[in-house]
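Numbers restart at 1 for each chain; the letters A, B, ... are given by sequence-line order, proteins then strands. These numbers were taken from a predicted model, which means no experiment stands behind them.
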2 protein chains.
Amino acid sequence: MKPAYRPPVTVHQIARHLGVSAATVSSVLAHRHVERRIAPATVERIRAAAQSLGYIPNMAGRRLRAHRTATRQIDLAILTSFEAPLPLVGQALHALQRAVEVQSTADTRYAVAIEMFHAGRIREKTGLLDADRYHGVILTNTLPEDDRFLAEAALPYPAVILGRRIPGRCCVLEAPEFVGRRSAEILIDAGCRAPAVIHGRLLTHTTADRLAAFRHTLRERTGREPTVLVSEGLQPRHAAAAFEQHWARGGRVDGLFTVTDSLAIGAYRVFRDLGVRIPADVAVVGVGDYELAEFFAPPLTTVAGANEAMVAEAVPLLFRLLRGETVPPEVLVVPPVFLRESTRRHRPTAIGATKPAYPKRRSKRRER
Amino acid sequence: MKPAYRPPVTVHQIARHLGVSAATVSSVLAHRHVERRIAPATVERIRAAAQSLGYIPNMAGRRLRAHRTATRQIDLAILTSFEAPLPLVGQALHALQRAVEVQSTADTRYAVAIEMFHAGRIREKTGLLDADRYHGVILTNTLPEDDRFLAEAALPYPAVILGRRIPGRCCVLEAPEFVGRRSAEILIDAGCRAPAVIHGRLLTHTTADRLAAFRHTLRERTGREPTVLVSEGLQPRHAAAAFEQHWARGGRVDGLFTVTDSLAIGAYRVFRDLGVRIPADVAVVGVGDYELAEFFAPPLTTVAGANEAMVAEAVPLLFRLLRGETVPPEVLVVPPVFLRESTRRHRPTAIGATKPAYPKRRSKRRER
DNA sequence: GCAACAAGCTAAATGGATTTAGCTGGCGCA
DNA sequence: TGCGCCAGCTAAATCCATTTAGCTTGTTGC
């Protein structure tokens, strides 16, 4: 099944195979054959051999030798899960790239890689603990399973952890409980009496905290439990499916907190299809990591959007770690809150959860 | 100004500095000092020296030596511009990561890097032509300026080019003219008589083609020129600003083609604010690269969404190039077309461009 | 008093590609 | 014949970190 290990093909092997020297082979493969005056016939033979033997250059060897300019290459990486929303990864990438652009000099260049693992299964990621991969990483979107592994495992490179406390590591987090608490308060203030929260099946440290704080605050302030909807994934369609199911079972809500943005998009679609008006019938609070929230119809109130801020903190911390400086073990980011139309105060029309509580579409708003 | 070149600090320098051997230094810095029985005092001295001299390990050296497992590292990269929409980059990244996950074996590992340049200024990107960086790249989101540079420059690694024909390179493109033509046809069929198109100030080969084909088709089929709106960037707010300006000047349209998705988001917001109904007053056709189009209110008709399909073509091509196989110089992708509510057929209410042609909000739809 | 052993270190080899200096054989020319 | 020169190649050094085998001391056990 598994193919037998075959040692890599090197220029020396090609050289031996053809009865020429490694220097000649190297010259040809590096496209230096003209200035080195290699005979065209030899060039052809070497090219053919490289192709047929399946030669793949060893970049480590190349880099080690090539020392004209930009010798030093600093390898950075963003470690994230396949399941994480791409925009979040994109923001981190963008921030890191911008920093790298500034830091680059004639004799130091940077490479920013992305490394992806399956959520909850970071321990199965091979090569993660190799010391010869990266100078530093930003690690994000881990599940509790992953966190447990990371707490034990000794990552052999500096790392900044996003959204999770890991002992002995530099961590950047959303201020705990803030998002969940504020979103609950906003919904309560908007007059909601039967709010719900929707989250994906997989909870990161951050989303779990949001959920818990939302629940806690609601209980504390109103004595009630929120309806908790669990969607299969984080895509809009997952949220839509979860909500449709809830609705079909006769479940009703008059407020909704979505722990990620993509879920809010799905919820909006469902509400629209069902003729449920925002905010007249349901107030919605989202997270705002996508920069799209204000373009929703109606514009979405958001209590977070901390990803960008967290990344902005994390990147300089990573560079400080690279320089060997000591950094604070923990940085908290307080997310900005944007009150928009989706939570404009209203008297909810839905109280119970049994009868279809919402009037048909187009009915006038109760208040503005 | 520019700091003088300082040769990199190596383990040998640290060793000389302290009067110990490089082997000892290496043992300590690789956290092997316990098993190698290095005296605690020595460990401390070495650590302090490494810190104070600013030691940065040379990964190339490390990788070259470390040959227990996964010796072969294949370095891949996605080259894209800072200005490109992140979701497009994210899709490419995701597709490449999935492929890499499958291709990885015990003795071959992959690293996927992202390299960003400023749109139109790829020639200023240092190290781009170094042969010691990547085994292969996917190159996307270039402007004509960049393309000109690339056509001359000899990239020293295999490359798959997205959305652009470059002689001698493997290119994956949207079927030419398709998107522009279909979007024009859809708007015409929806009854639009004064359609517009909006695009960013910077046009890639792909977006320029969309624009030209849209124009051409419209002229051919109706004898009219479209209104062309140019937005500063590709963000929703840019589109919103451009459209608001057009509106303030008394410009009116009854159909809109947005050459990228993010522009459609901004347009939707403006229409909503102005009380312009989609599709009753304006039909909108977008591109659908973001997977969000069906969640718009109303769901957006899209004529493209080819990025994902293009990436799906490009990734296997890249691996074939790595294996030294010959690949077709050009692969055309025909984007799927999704007809949704935003272009439901209607008789346009706007004909001229001077008087406010749209009735106030809430007026009944003319037809369905 | 000597073997055995441990602690603490070092010398040298290694990995792959590249480059520099230099070698060899054939040719033209005086 | 002999010199210079060129095309076409090769040997060896180099980049940096790591690891293996082994070398000194000093100590313990008998």
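Atoms NE2 (His12(B)) and P (dC15(D)) sit 10 Å apart, rounded to a whole Å. Computed from coordinates, the Gln13(A) CD to dG15(C) P distance equals 11 Å when rounded to whole Å. Per the geometry, CG belonging to Leu29(B) stands 7 Å off P belonging to dT18(D), to the nearest Å. Atom-to-atom, CZ of Arg63(B) to P of dC16(D) comes out at 16 Å; the value is rounded to the nearest Å. Computed from coordinates, the Ile74(B) CD1 to dG16(C) P distance equals 14 Å when rounded to whole Å. Taking atom NE2 of residue His31(A) and atom C1' of nucleotide dT18(C), one finds them 14 Å apart after rounding to whole Å. In this structure, Glu35(B) places its CD atom 12 Å from P of dT18(D), rounding to the nearest Å. Between the CG atom of Leu64(B) and the P atom of dA17(C) there is a distance of 9 Å, given to the nearest Å.
Within the 4.0 Å cut-off from OP1 or OP2 of dT18(C), at least one side-chain nitrogen or oxygen of Arg62(A) is found. Put simply, Ser26(B) has no side-chain N or O that comes within less than 4.0 Å of OP1 or OP2 on dA17(D). Regarding contacts with the backbone of dT19(D), a side-chain N or O of Arg32(B) is found under 4.0 angstrom from either OP1 or OP2. Taking 4.0 angstrom as the limit, Tyr55(A) places a side-chain polar atom (N or O) nearer than this to OP1 or OP2 of dA17(C).
In this structure, CG in Leu150(A) is found 9.0 Å from CZ in Arg164(A), a value given to the nearest 0.5 Å.
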Between the protein and nucleotides 9-11 of chain C, list the N/O to N/O atom pairs that are separated by less than 3.5 angstrom.
unit_1	atom_1	unit_2	atom_2	d
dC9(C)	OP1	Thr42(B)	OG1	2.9
dC9(C)	OP2	Ala39(B)	N	2.7
dC9(C)	OP2	Thr42(B)	OG1	3.2
dT10(C)	OP1	Ser21(B)	N	3.1
dT10(C)	OP2	Ser21(B)	N	2.8
dT10(C)	OP2	Ser21(B)	OG	2.7
dT10(C)	OP2	Thr24(B)	OG1	2.5

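No hydrogens or angles considered: a donor-acceptor pair under 3.5 Å links the side chains of Tyr134(B) and Glu115(B).
Here the side chains of Ile14(A) and Leu53(A) are in contact, with some heavy-atom distance below 4.5 Å.
In this structure, His135(B) has its ring center at least 6.0 angstrom away from the ring center of Tyr110(B).
With salt bridges taken as basic N to acidic carboxylate O contacts below 4.0 Å, none links Arg109(A) and Asp75(A).
Arg148(A) is linked by a side-chain hydrogen bond (donor to acceptor under 3.5 Å, both in side chains) to nothing, counting only residues two or more places apart in sequence or in another chain.
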Check residues 34-47 of chain B and write down every donor-acceptor pair under 3.5 Å in which the side-chain atom is one partner and the other belongs to a residue at least two apart or another chain.
unit_1	atom_1	unit_2	atom_2	d
Arg36(B)	NH1	Ser27(B)	OG	2.8
Arg45(B)	NH2	Leu18(B)	O	2.9

